[in-house]
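One is the number of the first residue; the rest follow in order along the sequence. If you're wondering where the values come from, they're calculated on a predicted model, not measured in any experiment.
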Amino acid sequence: MTAQALEQRELAVVIGLEVHVQLETATKIFCGCSTESADDEEPNTRVCPVCLGLPGALPVLNEKAVESAVKIGKALNADIAEDTRFHRKNYYYPDLPKNFQITQYDAPICADGTLEVSVEGTRRDIGITRAHLEEDPGSLQHKGGSIDTADYTLVNYNRAGTPLMEIVTEPDFRSPQETRAFLAKLEEVLEYLGVFDATRDGSLRIDANISLVPADEVDDDGDISDEALEAANRTEVKNISSHKGAEKALAYEVTRQKNAIKRGRAIEQETRHWDESRGITVSMRSKEEEKDYRYFQEADLPALQVAHWKEEIPIPELPDARRERFQTEYGLDEESASKLTSTKEVADFFEDVAAEFDADLAATWVADNLLGELNYRDMHITDVAHRLDEFTRLVELVDADEVTTKNAEEIVLRKMLDEENDPDTIVEEEGLGKADDDEIVGFVEEAIDENPDAVADYHDGEGGALNFLVGQVMQKSKGSADPGTANQLLREKLNE
């Protein structure tokens, strides 16, 4: 279809993703070099003849990487192949020292899976075409600008050979927002499996394929015919490294393509680079076709038969299942259950607290109080997991009525995080032990004596006056008075 003809029709967005996931293994996929980088690491030092592609060096497959691939396949409800093989993908690029990449072609380890995502309350199954193992290339460092403006480019092979799982989706996305939701869900699942660490630099990288097709080619279920997809030129966008980045890059690219069509220009089938600093995509090269890579079987690696591992390798309870269990077992609402299963570490922490206290109390303290304070400090639950006993003790002090909820939230918890003291020490140093009724009576009498105008307002029927007096009592008690008790005693004294 010509650009002029396409211009006259309403357009629908079609997006498919290729997600490259760095697997958590101690060593690289085909050699014994470490995958752990150091802050002061020199370039091209964490390498060996295998990952540098030197003549005569032979690859040896990392068993842990294969186990991780099987776990991912199980979590995606994918088929695990009876026979899976490695191939050489031939192309020249400076970060690829062998001039080919060891990957999988027509016999991937996983195929035909799904992942359910929710976008604005609507649940959808995203098809997973395949998921396969491969090695990571090295990294390019563009000096003096971005990829198209740099004065020169350096190559660092320390990352070369890091094990990757490439997860390829069907072209099931109809908006950039859906891709962001999918990536967030996928990352959540991978972290639950223990095969992925989102804090690693470059641990998740995305290539996206975008086409614009006539909206009337999309049926009511969102499906598009193969003919319509073949007729639409596809643009690939590379260098996307986050959920937010994917949404921004794809939103830009969709707008760019629509504007080009409005001007009567055809969409080129090409590969483009997402320049995050400038918020634009720039053309890199014409889009390669499958035949350009001249795939052939990797003779140095035998075929694998690991389908039986699907039954032998366990995977943990995944986020959706745990979310549902939290609602049924603990009686939590959907929002609280979602917060408390956002990561496996948060869910484990909550269950440890809920084992000792009422589930609602545990949920309030973990989901609202603790996570809120951690987020404010740009901290994570993993930063305080070793202090579970101290946090449990704080909840115990509140539950036993030994410290007010207000003081526990606003003073004790914050000092625990900022100063790393235990709750009992903070309560003692700050004099936060809960005031008894006799002490509160004294504070009530002082508040009444010192605020005759507020007392007069109370008797005139102004509701805010009582709240003001309760505040005075709380101030005098340094937050150690129970607000409910203070309110009750004030009413009794004022009504005498």
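Note on R85 versus D83: salt bridge recorded, some NZ/NE/NH1/NH2 to OD/OE distance being below 4.0 Å. We find that E170 and R130 are not joined by a salt bridge, their nearest charged nitrogen and carboxylate oxygen being 4.0 Å or further apart. By the 4.0 Å N-to-carboxylate-O rule, K28 lies too far from E135 to be salt-bridged with it. Note on R387 versus D422: no salt bridge recorded, every NZ/NE/NH1/NH2 to OD/OE distance being 4.0 Å or above. Remark: E24 engages R200 in a salt bridge, criterion side-chain N to carboxylate O under 4.0 Å. Between E317 and R325 there is a salt bridge, since at least one side-chain N of the basic residue sits less than 4.0 Å from a carboxylate O of the acidic one.
Ring pair H142/H273 is perpendicular by interplanar angle, where above 60° counts as perpendicular and below 30° as parallel.
In the model, Q177 has a side-chain atom that pairs as donor or acceptor with a side-chain atom of S175 under 3.5 Å. Side-chain atoms of T281 and E253 form a donor-acceptor pair, as typed in the model, at a separation below 3.5 Å.
Partners of D275 by salt bridge (Lys or Arg N to Asp or Glu O under 4.0 Å), not counting sequence neighbours, listed by chain and number: R278.
Side chains of I128 and D112 form no contact here, defined as non-hydrogen atoms less than 4.5 Å apart. By the 4.5 Å heavy-atom criterion applied to side chains, D348 and K344 are counted as neighbours.
No more than 12 heavy atoms of other residues, nucleotides or ligands shown are found within 6.0 angstrom of CG on D378. No more than 12 heavy atoms of other residues, nucleotides or ligands lie within 6.0 Å of CG in D201, so this atom counts as exposed by the packing criterion.
A centroid separation of less than 6.0 Å is found between the aromatic rings of F350 and Y330.
Just one residue in the list E335, E329, E188 forms a salt bridge (Lys or Arg N to Asp or Glu O under 4.0 Å) with R323, and that residue is E188.
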